[in-house]
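When a residue number appears, it is its place in the shown sequence, counting from 1.
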Amino acid sequence: MFGDTLVESTSEDLSQAAVFASIQGDDDGTVTAVLSNKDDANTETAVISLDGTDTSYESVAVYAITQDSTDIRLIDVQNDIENNQLTVELPPLSVAQIVISNTATDLTPTEEPDITTETTVYTYDELEISENVFPMIPLGDQEHLDHIVIRTTVTSDSGSTWASGGGALCFNQMVWDGIDSGVWGYKPFSYHFGTNDNVVAFDDSFHVIADDGSASEISGSCNDTYAELQNWWVSSESDPSGGSNITMTIDSVTLVYVYENTQSDVLCGDCTGDGVFDAADLVLIQKWMLQMPNTTLNQWKAADCIADGKIDGLDLCEMRRLLIE
């Protein structure tokens, strides 16, 4: 928890790292600092010195969110602070809350999840157009779909210094609150000037429109095999109500799938998870690679036959070779 009393704090390079610090009341037994690493490619080493206090600090716990995960994780614990000076590593493009205490801690860092990430990227021209005249994003393996990244470029033809807009990923077959029949729902996103990646989490949070026209957020799921990408509004300095001088281009859409490496002693090629490697596994992996609806790899790790951490045509060739032998 960030304290209610600010503590003077400085950073040698605000362009790379911003810092804020606080204590609770006048008790400086615990100092909480918030640091950010603005570099999206490199880890930054932060050397923190606590001056102007008679308190001797013993431990530090570092909690962070990174560009790879929005989960808050305990990434570092130290119990050997000397002379009120400590060093922490800030991952690329991260924000960390650093809790420094005058007592030792028995906390342990969060274990890194053993996961594999797969991505599918579409350019705008590769997306089919729906009957509603909106581009359609194939959802693929929804069970493991973690988030969707919509890369947009926004420009102005009349010199506006700012512009913003918003849209949504829309679904026609949402199921929620025990309703079996599909209802219309959406996941909103926003964009602004320049080229930006707009991330939409593919979780159980959706928005629906009530009978009175109001929007509400609910917990549900969708039975759609695709999402419609709709652009709803835009505003700019020159035209706040309509953004008529603004052009928004969808550069790409990236679907990010996350697979937990929980399987052990898997049979190479046994994608169905039935304990046998046969033609059914070959059919399944081909359907999965073609992004066919309702296709899920029960044992994705078994499909990585060449063990390079990804599933592609090389694995398919290896599975065919193994079946022939």
Side-chain angles (χ1 to χ4, degrees), residues 68-71 113-124 126-128 130 135-151 168-176 182 185-187 189 197-206 219-229 252-264 266-320:
D68 298 322
S69 173
T70 56
D71 295 332
D114 184 13
I115 61 173
T116 295
T117 301
E118 299 283 343
T119 60
T120 300
V121 182
Y122 296 97
T123 64
Y124 182 84
E126 291 174 325
L127 299 175
E128 295 184 16
S130 71
M136 299 187 299
I137 303 172
L139 298 176
D141 183 4
Q142 292 188 45
E143 181 181 348
H144 297 102
L145 179 56
D146 185 74
H147 61 276
I148 300 173
V149 183
I150 306 165
R151 175 165 290 185
L169 299 181
C170 300
F171 309 89
N172 296 309
Q173 296 294 324
M174 266 198 50
V175 178
W176 65 291
Y186 66 94
K187 286 179 171 289
F189 69 91
D197 287 334
N198 313 289
V199 179
V200 181
F202 197 79
D203 52 18
D204 62 357
S205 177
F206 294 83
S219 179
S221 60
C222 79
N223 292 328
D224 300 79
T225 58
Y226 66 88
E228 284 188 346
L229 177 53
S252 64
V253 175
T254 302
L255 295 94
V256 181
Y257 304 91
V258 176
Y259 299 88
E260 293 187 13
N261 301 331
T262 57
Q263 300 136 340
S264 60
V266 296
L267 174 63
C268 179
D270 180 23
C271 305
T272 61
D274 62 358
V276 179
F277 174 42
D278 54 22
D281 299 296
L282 192 61
V283 171
L284 178 61
I285 187 61
Q286 289 179 112
K287 290 174 64 178
W288 183 85
M289 294 179 71
L290 290 171
Q291 296 284 307
M292 295 184 67
N294 304 316
T295 302
T296 300
L297 295 182
N298 296 327
Q299 293 205 78
W300 75 266
K301 196 171 184 179
D304 183 19
C305 290
I306 65 172
D308 62 352
K310 58 185 179 181
I311 302 170
D312 53 24
L314 294 176
D315 298 296
L316 182 58
C317 291
E318 178 65 10
M319 289 177 67
R320 286 173 174 165

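The shortest non-hydrogen separation linking G220 to F206 is O-CE1, 3.4 Å. Across all their heavy atoms, V121 and S252 have their closest contact at CG1-CB, 4.3 Å. Taking every heavy atom of both residues into account, G269 and M319 meet most closely at O-CE, 3.6 Å. When all heavy atoms of Y226 and M136 are compared, the closest pair comes out as CE1-SD, 3.4 Å. Taking all atoms of both residues into account, the shortest heavy-atom contact from C271 to I285 is SG-CB, 4.2 Å. Looking at every heavy atom in both residues, A201 comes nearest to H147 through CA-CB, 4.0 Å.
At a threshold of 4.5 Å between non-hydrogen side-chain atoms, the residues D141 and Y259 count as touching. Inter-residue side-chain proximity for E318 and C268 is flagged as unmet; no heavy-atom pair is nearer than 4.5 Å. Side-chain contact check for V256 versus V199: every heavy-atom pair is 4.5 Å or farther apart. Residues P138 and L127 meet the side-chain proximity criterion, which asks for heavy atoms closer than 4.5 Å. Contact check for Y257 versus T120: side-chain heavy atoms found under the 4.5 Å cut-off. Contact check for V258 versus H144: no side-chain heavy atoms found under the 4.5 Å cut-off. Looking only at side-chain heavy atoms (C-beta outward), Q286 and R320 come within less than 4.5 Å of each other. No side-chain heavy atom of M174 sits under 4.5 Å from any side-chain heavy atom of Y186.
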* What's the verdict on side-chain contact (heavy atoms from CB on, under 4.5 Å) for V276 and D281, showing C-alpha distance, side-chain angles and the deciding distance? -> CA-CA 9 Å; V276 179; D281 299 296; 5.6 Å; no
* Show your working on side-chain contact (heavy atoms from CB on, under 4.5 Å) between V149 and F189 and close with a plain yes or no. => CA-CA 10 Å; V149 183; F189 69 91; over 6 Å; no
* Taking it one step at a time, do W288 and L316 satisfy side-chain contact (heavy atoms from CB on, under 4.5 Å)? -> CA-CA 11 Å; W288 183 85; L316 182 58; over 6 Å; no
* Could you walk me through whether C222 and Q142 pass side-chain contact (heavy atoms from CB on, under 4.5 Å), step by step? => CA-CA 9 Å; C222 79; Q142 292 188 45; 3.4 Å; yes
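D278 contributes atom CG, which lies 8.0 Å from atom CG of D270 (distance to the nearest 0.5 angstrom). Here the straight-line distance linking atom CZ of F277 with atom CG of L282 works out to 6.5 Å at 0.5 Å rounding. Here CG of L229 is found 7.5 Å from OH of Y124. Values are rounded to the nearest 0.5 Å. To the nearest 0.5 angstrom, I137 atom CD1 is 12.0 Å from D224 atom CG.
With D315 contributing its side chain and I306 its backbone, the two residues share a donor-acceptor pair below 3.5 Å. Panel note: side chain N198, backbone I150; a donor-acceptor pair is recorded below 3.5 Å. Counting only distance, with no hydrogens or angles, the side chain of D304 and the backbone of I311 share no donor-acceptor pair below 3.5 Å.
Of the candidates T225, I148, L169, I148 is the only one forming a side-chain contact (heavy atoms from CB on, under 4.5 Å) with L139.
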